[in-house]
Amino acid sequence: MGFNFQDIRKDFPILDQRVNKHPWVYFDNAATAQRPKVVLEKIREFSVITNANIHRGTHDHAIRTTEAYENARDIVKEFLHAEAREEIIFTHGTTESINLVARSFCEKFLTTGDEIIVTEMEHHANIVPWQMACERHQATLKVLPFSDKGELRMELLETLITKRTKIIAVAHVSNTLGTVNPIEEIIQIAHSHNIPVLIDGAQSVPHASIDVQKLDCDFYAFSGHKIYGPTGIGILYGKRSLLEVMPPFLGGGEMIDQVTFKKTTYNELPHKFEAGTPHYVGAIALGSAIQYVQNIGLDKIAAYEHQLLNYATNQMKALGDLQIFGESPAKTGVICFKLDQIHPFDLGTLLDQLGIAVRTGRLCADPVMDHYQVTAMTRASFAFYNSEEEIDLFIKALQRIRSMF
Amino acid sequence: MGFNFQDIRKDFPILDQRVNKHPWVYFDNAATAQRPKVVLEKIREFSVITNANIHRGTHDHAIRTTEAYENARDIVKEFLHAEAREEIIFTHGTTESINLVARSFCEKFLTTGDEIIVTEMEHHANIVPWQMACERHQATLKVLPFSDKGELRMELLETLITKRTKIIAVAHVSNTLGTVNPIEEIIQIAHSHNIPVLIDGAQSVPHASIDVQKLDCDFYAFSGHKIYGPTGIGILYGKRSLLEVMPPFLGGGEMIDQVTFKKTTYNELPHKFEAGTPHYVGAIALGSAIQYVQNIGLDKIAAYEHQLLNYATNQMKALGDLQIFGESPAKTGVICFKLDQIHPFDLGTLLDQLGIAVRTGRLCADPVMDHYQVTAMTRASFAFYNSEEEIDLFIKALQRIRSMF
Amino acid sequence: MTIEEVQQEIIADFSAYEDWMDKYTYLIELGNELAPIDDAFKNDQNLIRGCQSRVWLQQKLDGEFLIFEAESDALIVKGLVALLLKVFSGRTPQEILDADPHFIDAIGLRQHLSPTRSNGLMAMVKQIKLYALAYKQISSQKK
Amino acid sequence: MTIEEVQQEIIADFSAYEDWMDKYTYLIELGNELAPIDDAFKNDQNLIRGCQSRVWLQQKLDGEFLIFEAESDALIVKGLVALLLKVFSGRTPQEILDADPHFIDAIGLRQHLSPTRSNGLMAMVKQIKLYALAYKQISSQKK
Ligand SMILES: Cc1ncc(COP(=O)(O)O)c(C=O)c1O
Ligand SMILES: Cc1ncc(COP(=O)(O)O)c(C=O)c1O
C-alpha cells in the first residue's frame with residue numbers, strides 16, 4: 001500500500017475506540033476528516049507555548065505567531081503550486097471562500113442579464129451563493145446536468161455558454177457521486193470564451209495533489225477540516241489579476257491601508273481579503289495537516305483509497321439489490337447507495353448501533369436527490385486510515401440490517 | 001481580590017515562561033487573551049475523543065458533537081441573557097458579526113440617502129463595514145465625536161439623528177481609550193427614534209457581565225479569542241424580530257431549507273445565518289471559556305482589573321511626561337500612552353527586550369490616532385491573571401528605557 | 001389505561017430486550033404494524049419536516065377525545081410514532097397537556113427526541129401538544 | 001572599503017555588546033547621529049510605509065555612485081537605516097545589486113528585516129535595489 005498502515009493508525013488515536021460496544025468504523029470522512037496528532041500538537045503549541053495576536057506586533061510572541069501564520073500560507077502556496085503567496089487567502093472554509101467570490105467577483109463583474117453556470121451535482125455551498133448573487137444582480141443561473149451514471153454531460157457545456165456567461169463554478173470532485181470532473185477540459189472551454197472558472201476543491205484536495213497553475217483555474221476553494229486539519233479554517237486561491245480588481249469582501253482591521261471617515265484605502269493582497277483577527281491557530285495547524293499528507297504522499301494516498309473504493313464497490317455489488325449512485329470510472333472513495341427499500345435514516349441508525357459511522361440524508365445536494373428521485377441517501381466515504389477489514393465489517397453490518405426488515 | 005490568584009495562574013501555564021531572559025509579562029490582552037487549560041482540554045476532547053461533522057448525522061459522534069455545539073449556544077445565550085437561543089449566531093469573530101449585519105441589515109433596510117451613525121472611537125471593524133455598506137447603497141456615514149478626555153460627546157447625538165438614520169453602531173468599550181460608553185443612554189435615545197443599535201462588545205464581554213435584554217440592544221457582537229476562548233469563533237446576538245426579516249449573509253449548507261435551481265428557501269434561525277460547516281470545535285471550546293469566567297465571576301474579574309488599572313495609572317502618572325490617552329472615569333484595563341517623545345515602535349521593541357509584551361501602532365483605530373494627532377500609540381492592557389508585581393516590572397522597564405534616549 | 005400506565009407498559013415491553021439491535025427490531029415491527037394513513041392526508045399541511053425523515057400527523061376530535069393518526073417514511077421513526085400514538089391518541093386535551101413522554105428516555109431512545117435530532121419526532125410531540133392546547137381553548141370558549 | 005568589509009566592520013562593532021539592551025543603545029546612538037534629511041524630501045513619494053514606523057528614502061547619482069539619504073521616525077529603525085546607508089550608499093548600481101545585507105542576520109537583528117515585520121526596513125532594502133537596477137539600465141542604454 002506504499003505506506004505503513006499501522007504507523008498511520010497510531011497518528012489517529014481517536015479511531016481506536018468502541019462505539020455501541022463495537023470497534024468504531026469511521027466512514028464519514030467526506031463530511032469531516034479526523035485530525036492526526038501533529039495537528040493537535042500544533043494547536044497545543046500555539047495555545048500553551050506561543051500565543052499572541054498576529055501582525056503589527058513588536059513583541060516576541062506576536063512576531064513568532066505572525067511568522068508561523070505566514071509560513072502556513074507558504075505551505076499552502078506550495079501545496080497548490082500557486083505562483084505567489086499573495087494568491088492564498090485564509091478563509092473559514094470552502095463555503096466562505098465561494099461566498100467571497102460570489103460577493104466580490106459578482107459585485108465587480110456581474111450585471112443585469114448576465115449568466116453564471118454551475119452543475120447539477122454541486123454541493124449547496126456552490127449553488128446558493130451564486131443564486132443569491134444572481135438575485136442581487138438580476139442575473140441567471142444555468143445548470144450543466146449530469147448523466148445517471150454520474151458524469152457531467154460535457155457535450156452540453158458549449159450550448160450553455162453565451163456572451164453573457166461571467167463565471168463557471170464546478171466541483172473538482174462531487175461529494176455525493178464521487179465523480180472526478182474533467183475540470184481541465186471545462187477550464188479550457190471556459191477560457192476559450194474568456195470566462196473564469198471557480199473550482200470547489202473541498203472533496204479533491206484530501207485525495208489528490210493539485211497544481212492550480214497547470215489547471216489554470218481562476219479560483220480554487222477548500223476546507224481545512226476535510227484535509228485532516230482543524231475546523232473553522234479554509235482556503236481561497238485566486239489569480240492575482242482577479243483578486244487585485246475585486247472589491248474587498250469583509251471590512252475591518254488588517255484589510256485596510258488607511259482609514260478616515262472621508263476615504264478608506266485597502267491593504268495589498270492577501271490582507272485585503274482577510275479582515276479582522278484570522279483563525280491563526282487554525283491556519284498554522286492546517287499547515288501541519290498539509291505537511292502531514294505531503295509526507296505520506298498524496299499519490300500514495302490516492303492509490304490506496306482507490307483500492308478501498310474498488311474493494312468496497314465490489315463487495316457491495318455482490319450484496320444484490322444495492323444501488324450505487326455515481327459510477328464514473330474517475331471516482332474517489334465516496335459511495336452513495338441505497339440498500340433494498342431501507343430508509344437511509346434507518347440504515348444510518350442501525351449501522352451506528354453496529355459501530356459504523358456513515359452519513360445519511362440529503363448530503364447538502366438537493367439537486368442530486370431530485371435527479372435520482374430519492375428523499376435521502378446513505379454515504380460511506382473513506383480515508384487512507386481506513387482498511388479493507390473495516391469494509392468487511394461494514395458489509396457484514398449491511399447483511400445483518402437487511403435481515404431485520 | 002475575591003479569587004485565588006495563584007490558582008488562576010496555574011490555569012494559564014503559558015504565562016510561566018521567560019522571554020528574552022526576563023519573566024514574561026503579557027500586557028497585550030486587548031489584542032488577544034490567553035486561554036485557560038480547560039479550553040485546550042475541550043479542543044483536545046473534540047479532536048481526540050469525539051469528532052464528527054455536526055447536524056443531520058445519525059451516528060454517535062455526529063450526535064454528540066452536535067449536542068455539544070448546541071449546548072455551547074445555550075451557554076452563550078445564558079451568558080448574554082438573551083431571550084432565545086435562536087438569537088445567538090456563531091460567527092468567526094466580531095469582525096464577521098458586524099459585517100453580517102452591515103451586509104444583511106443594510107440590504108434590507110438601507111436605501112439611497114439614508115444615514116448610519118458610528119463614533120469617532122470605533123475600531124476599524126466597526127467603521128469599514130458601514131463605509132462599504134454606505135458606498136453600496138449610496139448612504140452617508142455620520143460620526144459622533146469624542147472629547148480629548150476620551151468620552152463620547154453625547155450632547156451631539158440628537159443633532160446627528162435624522163429621519164434617515166437607519167442604524168447606530170457603537171463600541172461598548174473602546175479598544176484604545178478603554179472608555180465604557182453610555183450605551184444604555186444611546187440605545188434609549190436611538191429607540192425613541194425607532195433606530196436599532198449594534199453594540200461592538202469585543203472589549204466589554206471579557207470584563208463585565210452583559211444583559212442584552214436589559215440593555216435592549218438590537219445586535220451585540222464579540223470575539224471568542226478575546227474572552228479566553230479559541231481563535232476563529234465569535235458571536236452575533238440579534239433580536240429575533242430583526243434577524244427574521246434580514247436576508248441571509250452567506251449561502252451554503254445548513255442555512256437552507258430546500259434547494260432547487262428554481263427556488264431556494266432558507267432554514268430557520270439560528271441556522272439561516274450559519275452557512276457551511278461551522279467552527280464547531282471553536283464554538284464548543286468558547287462555551288468552556290465562558291463557563292470558566294462565569295465560575296470565577298465577572299464582577300470579581302471586573303473589580304480586580306479595575307484595581308490593576310488604578311494601580312498602573314497612578315504609577316505611570318508618577319513617571320511624569322507620560323501622556324495617557326483616554327481618561328474617562330468609566331474605563332476598563334486598557335491604557336494607551338506616550339512616554340516622552342519615544343516612538344511607540346522603539347518603546348515596544350525595548351519593552352519586549354525586557355520581557356514585556358504590549359501592543360504598539362495604530363491599534364486598528366486610525367480616527368483615534370488622528371484625533372490626538374499621533375502616528376501610533378503604545379497600549380498596555382490587563383487581564384485578571386496579571387498582577388501588580390507585573391505592573392511594577394513594567395514601570396521599571398519604562399524607567400530604564402527612558403534613560404536610553 | 002391512563003397515559004402513565006401505557007408508558008409503564010411500554011417500558012416493561014422494552015425491558016425484555018437487552019441488546020440494542022433487538023430493541024430496534026421491535027421498533028421496526030411496531031413500525032410495520034402501524035396502520036398507514038390515507039395518502040390523501042400525506043400533504044404538506046400535515047407534514048412535520050425533519051431533515052432526514054418525514055412524519056405526517058393527522059388529528060380529529062371524537063367526543064372529548066383527540067384521535068391522532070401518523071406515519072413516517074423511515075421505519076424506526078414509524079415505530080416511535082406508533083409508541084407516541086399509543087400514549088397520546090384517544091386522550092382528552094388536558095391529559096395530553098399534562099403528560100410528559102418520559103418513556104422515551106426510560107427505554108433509552110432519548111436521543112431520538114433531542115432538539116438537535118432531525119427526525120421530526122420532537123416536532124411531532126410539540127405539534128400534538130399544540131393541537132391539544134388549541135382544542136382545549138376552543139372547547140372552553142364554547143362553554 | 002568594499003560592501004563586504006563594511007559589513008564585517010559592523011559585525012565586529014556589534015560583537016562588543018553582549019547584552020541586547022546595549023545593542024539597542026548603540027543603535028539608538030547611531031540613529032541619533034544620522035543626519036536628518038531635508039523636510040522637503042519627507043514627502044509621500046519618498047515615503048516607505050511600514051505599519052508602525054515610517055522610512056523616507058532619497059537618492060541621487062554622483063558620477064557612477066548612487067548616494068542614498070534616509071530617515072525614520074522611530075530611532076531604532078533610524079539606527080538600522082544608518083547601518084544600511086553605510087553599506088549601500090556611495091556604491092555603484094552593480095555593487096548594490098550584488099550585495100546581500102547579511103550583517104543584519106549576523107548581528108541578530110534579522111527579525112527587523114523579515115517580511116512580516118512592518119517597520120519598513122525590508123521595503124527600504126527592496127527600494128534601494130530597485131533604484132540600483134533602474135540606474136544600471138539607464139546607464140547601459142546610454143552606452
Ligand atoms: C473594539 C473592537 N472591535 C472589534 C474588534 C475586532 O475583533 P476581531 O479581530 O476578533 O474580529 C476588536 C479587536 O481587535 C476590538 O477591540
Ligand atoms: C463539494 C463540497 N463543497 C463544499 C463543501 C462545504 O464545505 P464547508 O462546509 O467546509 O464550508 C463541502 C463539504 O461538505 C463539499 O463536500
Side-chain angles (χ1 to χ4, degrees), chain A residues 13-14 19 28 31-32 34-35 40 43-44 47-49 51-53 56 58-61 92-93 95-96 99 124-125 127-129 131-132 141 143 223 225 230-233 250-253 256 258-261 264 275-277 279-282 345 348-349 352 357 359-361 364 366-367, chain B residues 13-14 19-20 28 31-32 34-35 40 43-44 47-49 51-53 56 58-61 92-93 95-96 99 124-125 127-129 131-132 141 143 223 225 230-233 250-253 256 258-261 264 275-277 279-282 345 348-349 352 357 360-361 364 366-367:
Chain A
I14 192 172
V19 163
D28 195 14
T32 200
Q34 300 302 337
R35 302 186 266 288
L40 198 74
I43 293 173
R44 213 190 78 87
S47 300
V48 172
I49 300 173
N51 179 44
N53 206 330
R56 299 160 195 240
T58 35
H59 63 83
D60 184 62
H61 280 247
H92 294 105
T95 301
E96 199 199 15
N99 275 277
H124 293 160
I127 299 174
V128 186
Q131 284 186 318
M132 289 165 59
L141 192 67
V143 184
S223 296
H225 69 99
T231 59
I233 191 79
L250 305 184
I256 58 92
Q258 284 183 303
V259 172
T260 69
F261 290 111
T264 288
T277 303
H279 183 16
Y280 56 82
V281 177
F345 177 84
T349 302
D352 178 49
R359 184 109 333 203
T360 59
C364 290
D366 282 0
Chain B
I14 193 173
V19 163
N20 294 320
D28 195 14
T32 200
Q34 300 302 335
R35 303 187 266 285
L40 199 72
I43 293 173
R44 212 189 78 88
S47 300
V48 171
I49 300 174
N51 178 45
N53 207 330
R56 299 160 194 236
T58 35
H59 63 84
D60 183 64
H61 280 247
H92 293 104
T95 301
E96 200 200 15
N99 276 277
H124 293 160
I127 299 173
V128 184
Q131 282 185 318
M132 288 164 58
L141 192 67
V143 184
S223 296
H225 70 97
T231 58
I233 191 79
L250 304 185
I256 57 92
Q258 285 184 302
V259 172
T260 68
F261 290 112
T264 288
T277 303
H279 182 16
Y280 56 82
V281 177
F345 177 84
T349 302
D352 178 49
T360 59
C364 291
D366 282 0

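Here is the naming used below: chain letters follow the sequence lines, and residue numbers restart at 1 for every chain. Note that these values count all heavy atoms, side chains included, but never hydrogens, waters or copies made by symmetry.
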If you count heavy-atom pairs under 4.5 Å between each of [options] and chain B, which one has the most?
| options | answer |
| --- | --- |
| A/Ala31, A/Cys364, A/Pro13 | A/Ala31 |
| A/Leu141, A/Thr95, A/Ile14, A/Thr260 | A/Ile14 |
| A/Val128, A/Asp366, A/Val259 | A/Val259 |
| A/Gln131, A/Glu96, A/His92, A/Met132 | A/His92 |
| A/Gly232, A/Gly282, A/Ala275, A/Gly93 | A/Gly232 |
| A/His279, A/Arg44, A/Gln34 | A/His279 |

* **Inter-residue atom distance A/His59.NE2 - B/Thr349.OG1, 0.5 Å rounding** => 11.0 Å
* Nearest heavy-atom pair of A/Ile256 and A/Thr264: which atoms, and what distance? -> CG2-CG2, 4.0 Å
* Would you call A/Leu40 and A/Arg35 a side-chain contact if the rule is heavy atoms closer than 4.5 Å? -> no
* Asked: Looking at side-chain heavy atoms only, is the closest gap between B/Pro367 and B/Ile127 below 4.5 Å?
  -> yes
* **Residue A/Ile49 versus chain B: region with a heavy atom under 4.5 Å** => backbone
* **Pairing residues for B/Thr32 by the side chain to side chain contact (heavy atoms under 4.5 Å, CB included) criterion, not counting sequence neighbours** => A/Asn51, A/Asn53, A/Tyr280, B/Tyr26, B/His225
* Asked: Quick check: does any side chain N or O of A/Asn99 sit under 3.5 Å from a backbone N or O of A/Pro129, one acting as donor and the other as acceptor?
  -> no
* Structure fact -> The ring pair (Phe, Tyr, Trp, His ring centres under 6.0 Å) partners of A/His124 (sequence neighbours excluded) come to none
* Asked: B/Val19 versus chain A, heavy atoms under 4.5 Å apart: side chain, backbone, both or neither?
  -> side chain
* Asked: Which of the residues B/Val143, B/Ile43, B/Ile233, B/Asp28 is involved in the greatest number of heavy-atom pairs with chain A at under 4.5 angstrom?
  -> B/Val143
